[in-house]
Amino acid sequence: MKKLKGIVLGLASVFLLGACSSGGNEQADNDTENADVVIGLDDTFVPMGFRDDDGNLTGFDIELAKAVFALNDTEVAFQPIDWSMKENELNNETIDAIWNGYTQTPEREDEVAFSDPYMNNSQLLVTSKDSGINSVEEMDGEILGAQEGSSGYNSFNNDSEVLKDRVDSEDATLYDSFNEAFIDLESGRIDGLLIDRVYAEYYLNQNEKIDAFNLIETPYEDENFAVGVRPDDEELLQEINDGINELQENGEFAEISEKWFGEDVSMD
């Protein structure tokens, strides 16, 4: 298995996520010592949870979580974590919940308790239009990238006939974040990237690069985003489920969705 870590490069866009200065709001969002609930996230996952160009945490899941916990005046903080270690962070009680485009899978259900799903997602293969790769089948012998610990990489391994049996070395080059992976895709160091639809579409549209890439459907099963908590944290799980349901009923969920996606993404 190939893995790239610690690439110190940036993207010339609003999503210079790893190299931004911290702002006052970020400090408040990360006050984990005084929070009732600490949420772990990958702070490079646009548009679910990421840093804006002032270094502040923002995104769809950030706003949704704040709205849910505001219903009961629950103090919430957000803790960036190594996404590949998210379940360990949860079980070690460094965080209380995983809420950042977190896909519900059978493997993860063995370790965490999931909320009711609130959003649908799927996996895309993204390639440069200059590459001539326009289908999954055309990835034979090519280099694939994926994020370590992602649901996409789980699908890659669990359904080997789709891509694993085709690509170079029958494995993917792994990245800590999709930002790093896109840098290598644009430079030609990888030929394709297996990535969440929600990230790919938002990222490429915001950076006005959508016309330079192919967004190829894959036969992997669609996914549901949900919140993960420790199995014995039943009260927190109930608060999250009740909160999301209330926001769906009062229209606030739809308002947050419209802001980030231009439509209501609720599964209700």
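These numbers come from a predicted model, not from an experiment. Side-chain atoms are counted along with the backbone in the values below, which use heavy atoms only and exclude waters and symmetry mates.
At least one donor-acceptor pair closer than 3.5 Å links the side chain of Ser128 to the backbone N or O of Asp130. For the pair Asn214 (side chain) and Ile133 (backbone), a donor-acceptor distance under 3.5 Å is present. Put simply, the side chain of Asp242 never gets that close to the backbone of Ile240: no donor and acceptor are under 3.5 Å apart. Remark: the backbone N or O of Gln123 is paired with a side-chain donor or acceptor of Thr218 at under 3.5 angstrom. Between the side chain of Gln79 and the backbone N or O of Ile39 there is no donor-acceptor pair closer than 3.5 Å. For Asn241 (side chain) and Asp116 (main-chain N/O), a donor-acceptor pair under 3.5 Å exists by modelled atom type. Remark: side-chain polar atoms of Asp222 are not paired, donor with acceptor, to backbone N or O of Ser122 under 3.5 angstrom. Asp52 places a side-chain N or O within donor-acceptor distance of the main-chain N or O of Asp54, the cut-off being under 3.5 Å. A donor-acceptor distance shorter than 3.5 angstrom exists from the side chain of Lys164 to the backbone of Glu170, with no hydrogens or angles considered. Between the side chain of Asp196 and the backbone N or O of Val198, no donor-acceptor pair lies under 3.5 Å.
Taking Glu142 as the reference, nothing meets the side chain to side chain donor-acceptor pair (under 3.5 Å) condition, with sequence neighbours excluded. Among residues two or more places apart in sequence or in another chain, the side chain to side chain donor-acceptor pair (under 3.5 Å) test is passed with Thr103 by Ser151, Glu223. With sequence neighbours excluded, the residues satisfying side chain to side chain donor-acceptor pair (under 3.5 Å) with Lys259 are Glu63. In terms of the side chain to side chain donor-acceptor pair (under 3.5 Å) criterion, Glu111 has no residue partners (sequence neighbours excluded). Not counting sequence neighbours, the partners of Phe114 by the ring pair (Phe, Tyr, Trp, His ring centres under 6.0 Å) test are Tyr102.
Applying the side chain to side chain donor-acceptor pair (under 3.5 Å) definition to pairs two or more places apart or across chains, those involving residues 226-236 are Asp96-Arg230.
Across all non-hydrogen atoms, the minimal contact from Ala200 to Ile195 is CB-CG2, 3.9 Å. Closest approach of Gly101 to Phe225, counting heavy atoms only: O-CE2, 3.3 Å. Smallest separation of non-hydrogen atoms from Gly55 and Arg51: O-NH1, 3.1 Å. Annotation for Met267 and Pro117: closest pair SD-CB, 3.9 Å, computed over non-hydrogen atoms. In this structure, Asn100 and Phe45 approach most closely via the heavy-atom pair O-CD2, 3.3 Å. The two residues Asp264 and Ala254 have their closest heavy-atom pair at OD2-CB, 3.7 Å.
Side-chain contact annotation: Ser266 with Gln248, donor-acceptor N/O pair under 3.5 Å present. In the model, Glu107 has no side-chain atom that pairs as donor or acceptor with a side-chain atom of Asn154 under 3.5 Å.
To the nearest 0.5 Å, the span separating CG on Asp168 from CD1 on Ile143 amounts to 5.0 Å. Expressed to the nearest 0.5 Å, how far CG of Leu90 lies from CD1 of Ile95 amounts to 5.0 Å. Once rounded to the nearest 0.5 Å, the distance linking CG of Asp211 with CG of Asn205 reads 9.0 Å. With rounding to the nearest 0.5 Å, the separation of NZ in Lys129 from CG in Leu215 is 9.0 Å. Put simply, CG on Asp140 and CD on Glu138 are 9.0 Å apart, with the number rounded to the nearest 0.5 Å. Separation of atoms OG (Ser155) and CG (Leu194) is listed at 7.0 Å; rounding is to 0.5 Å.
For the pair Val68 and Val76, the minimum side-chain heavy-atom distance is 4.5 Å or more. Here the side chains of Leu57 and Phe50 are not in contact, with every heavy-atom distance at 4.5 Å or above. Put simply, the side chain of Asp191 does not reach to within 4.5 Å of the side chain of Ser131, judged on heavy atoms. A 4.5 Å side-chain heavy-atom check between Tyr118 and Asp61 finds at least one atom pair inside the cut-off. Side-chain atoms of Tyr220 and Leu163, non-hydrogen and from C-beta on, do get closer than 4.5 Å to each other. Put simply, the side chain of Leu247 reaches to within 4.5 Å of the side chain of Leu71, judged on heavy atoms. Side-chain contact between Leu236 and Phe69 is present, with heavy atoms from C-beta onward closer than 4.5 Å. Taking the side chain as every heavy atom from C-beta outward, Trp99 and Leu64 approach each other to under 4.5 Å.
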Discussion item. Checking Trp260 against Met48 for the side chain to side chain contact (heavy atoms under 4.5 Å, CB included) test, could you report, in this order, the C-alpha distance in whole Å, the side-chain angles of both residues, the deciding distance, and whether it holds?
Written reply: CA-CA 9 Å; Trp260 289 102; Met48 310 306 284; over 6 Å; no
Worksheet entry | Criterion ring-ring contact (aromatic ring centres under 6.0 Å, His included) on Phe178 and Tyr203, from CA distance to verdict | CA-CA 10 Å; Phe178 285 129; Tyr203 174 91; 9.6 Å; no
Item to complete: Before giving the answer on side chain to side chain contact (heavy atoms under 4.5 Å, CB included), spell out for Ile81 and Thr94 the whole-Å C-alpha distance, their side-chain angles and the decisive distance to 0.1 Å.
Response: CA-CA 10 Å; Ile81 58 173; Thr94 307; 5.7 Å; no
Worksheet entry | Residue pair Leu204, Phe182: steps toward the side chain to side chain contact (heavy atoms under 4.5 Å, CB included) verdict | CA-CA 10 Å; Leu204 292 173; Phe182 258 114; 3.9 Å; yes
Item to complete: Given side chain to side chain contact (heavy atoms under 4.5 Å, CB included), test Asn134 with Thr127 step by step and report yes or no.
Response: CA-CA 8 Å; Asn134 300 295; Thr127 65; 5.5 Å; no
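The cluster map of Ile, Leu, Val, Met, Phe, Trp and Tyr, joined by side-chain heavy atoms under 4.5 Å apart, puts Leu237 and Val38 in different clusters. Clustering ILVMFWY residues whenever any of their side-chain heavy atoms sit less than 4.5 angstrom apart, transitively, puts Tyr175 in a cluster other than the one holding Met85. Clustering ILVMFWY residues whenever any of their side-chain heavy atoms sit less than 4.5 angstrom apart, transitively, puts Val37 in a cluster other than the one holding Ile98. Residue Trp83 is not grouped with residue Tyr153 when hydrophobic side chains (ILVMFWY) are merged at heavy-atom distances under 4.5 angstrom, including chains of intermediate members.
In this structure, Phe261 has its ring center under 6.0 Å from that of Phe60.
For Glu137, the CD atom is densely surrounded, since the number of other residues' heavy atoms within 6.0 Å is greater than 12. Heavy-atom contacts from other residues, nucleotides or ligands closer than 6.0 Å to CD of Glu221 number 12 or fewer.
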